[in-house]
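To start, the structure itself, in structure tokens.
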Amino acid sequence: MENPAQDKAFPVSWDMFHRDSRALAWRLSSVGEWKAIVCITRGGLVPAGIVARELGIRTIETVCIASYHDYDTQGRLDVIKPVDPKVVDLDDGEGSGVLVIDDLVDTGKTMKVVREMLPKAHFATVYAKPVGVPMVDTFVTEVSQDTWIYFPWDMGWQFQPPLAKETAG
Ligand SMILES: O=P(O)(O)OC[C@H]1O[C@H](OP(=O)(O)OP(=O)(O)O)[C@H](O)[C@@H]1O
Ligand SMILES: O=c1[nH]c(=O)c2nc[nH]c2[nH]1
Ligand SMILES: [Mg+2]
């Protein structure tokens, strides 16, 4: 399935994101135990902090990837920083014992690249869209492929004109 226009909006507040990230930690707590978290920056930094706190994990590493250079259009996938070999090699050199966290999976292209680096790791996101679901082991909430998720760190307060003004004339 091609990625369709994402014209539906799923706005997420800080409270919602905290609650959903805690729900992710709760699910993960019955799945396994991990020695380290690898978070996919930048979106994975926030849920990784919350999950690390809940699960008592203190080794936190990053893999730095960017692909949505132009707001909501995916472009070339740049691996800006790979995973530290010390973390890849924690157990068997294939990522066993590692929990990979991101805020969401959309097309799954980002996760696929990290799966190639850490084939035996456990992959978790807070939100997932259907095309990306096969790439993730644990997630909390699925939204449709034509939905854009608006994260609280990308948003700001803005005056909303009253309905009467919008519909007048
Ligand atoms: O499943 P995919 O279609 O690959 O998309 C998901 C990725 O896209 C976003 O990151 P982005 O590249 O925008 O960078 P950011 O985390 O720094 O915002 C998001 O945080 C995921 O990492
Ligand atoms: O803020 C975002 N919301 C999304 O729905 C999305 N999909 C890919 N990358 C994304 N970033
Ligand atoms: Mg990201």
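Sequential numbering from 1 along the given sequence is applied to the chain's residues. None of these values were measured; they are calculated from a predicted model. One-based numbering, in listed order, for ligands and for the atoms of each.
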Is [X] touching ligand 1 with its side chain, its backbone, both, or neither, if touching means heavy atoms under 4.0 Å apart?
| X | answer |
| --- | --- |
| Leu77 | neither |
| Ala66 | backbone |
| Asp106 | both |
| Thr110 | both |

With the 4.5 Å side-chain cut-off for hydrophobic clustering, are Val133 and Val105 part of the same group? yes
Val98 side chain reached by Val87 side chain, heavy atoms, under 4.5 Å: yes
Heavy-atom distance under 4.5 Å between the side chains of Met117 and Val88, does that happen here? no
In terms of atom number and element, which parts of ligand 2 are under 4.0 angstrom from non-hydrogen atoms of Phe151? 1 (O), 2 (C)
Could you tell me which atoms of ligand 2, counted from 1 in the order shown, lie closer than 4.0 angstrom to a heavy atom of Asp106? 6 (C), 7 (N), 8 (C)
Purely on distance, is any nitrogen or oxygen of Tyr150 under 3.5 Å from one on ligand 2? no
N/O of Ile149 under 3.5 Å from N/O of ligand 2, yes or no? yes
Which atom pair, heavy atoms only, marks the closest approach of [X] to [Y]?
| X | Y | result |
| --- | --- | --- |
| Pro82 | Glu61 | O-OE2, 4.0 Å |
| Gln145 | Lys129 | OE1-CB, 3.4 Å |
| Phe123 | Met111 | CD2-SD, 3.4 Å |

Ring geometry between Phe17 and Phe151 (parallel below 30°, tilted from 30 to 60°, perpendicular above 60°): perpendicular
Using 30° and 60° as the class limits, which term best fits the ring planes of Phe10 and Tyr127: parallel, tilted or perpendicular? perpendicular
Within less than 4.0 angstrom of ligand 1, does Ser67 place any heavy atom? yes
Can you list the ligand 1 atoms lying under 4.0 Å from a non-hydrogen atom of [X]?
| X | result |
| --- | --- |
| Leu104 | 6 (C), 19 (C), 21 (C) |
| Asp103 | 19 (C), 20 (O), 21 (C) |
| Arg42 | 15 (P), 16 (O), 17 (O), 18 (O) |

Just heavy atoms, cut-off under 4.0 Å: does Leu104 contact ligand 2 by side chain, backbone, both, or neither? side chain
Test your reading of the structure: does Ile40 have an N or O sitting under 3.5 Å from an N or O of ligand 1? no
Side chain to side chain contact (heavy atoms under 4.5 Å, CB included) test vs Ser67 passes for just one of Thr110, Val79, Asp78, Thr107, namely Thr110
CD of Glu33: more than 12 outside heavy atoms within 6.0 angstrom? no
A student comparing Lys129, Gln6, Lys8 should find that the heavy atom closest to atom 5 (O) of ligand 2 comes from Lys129
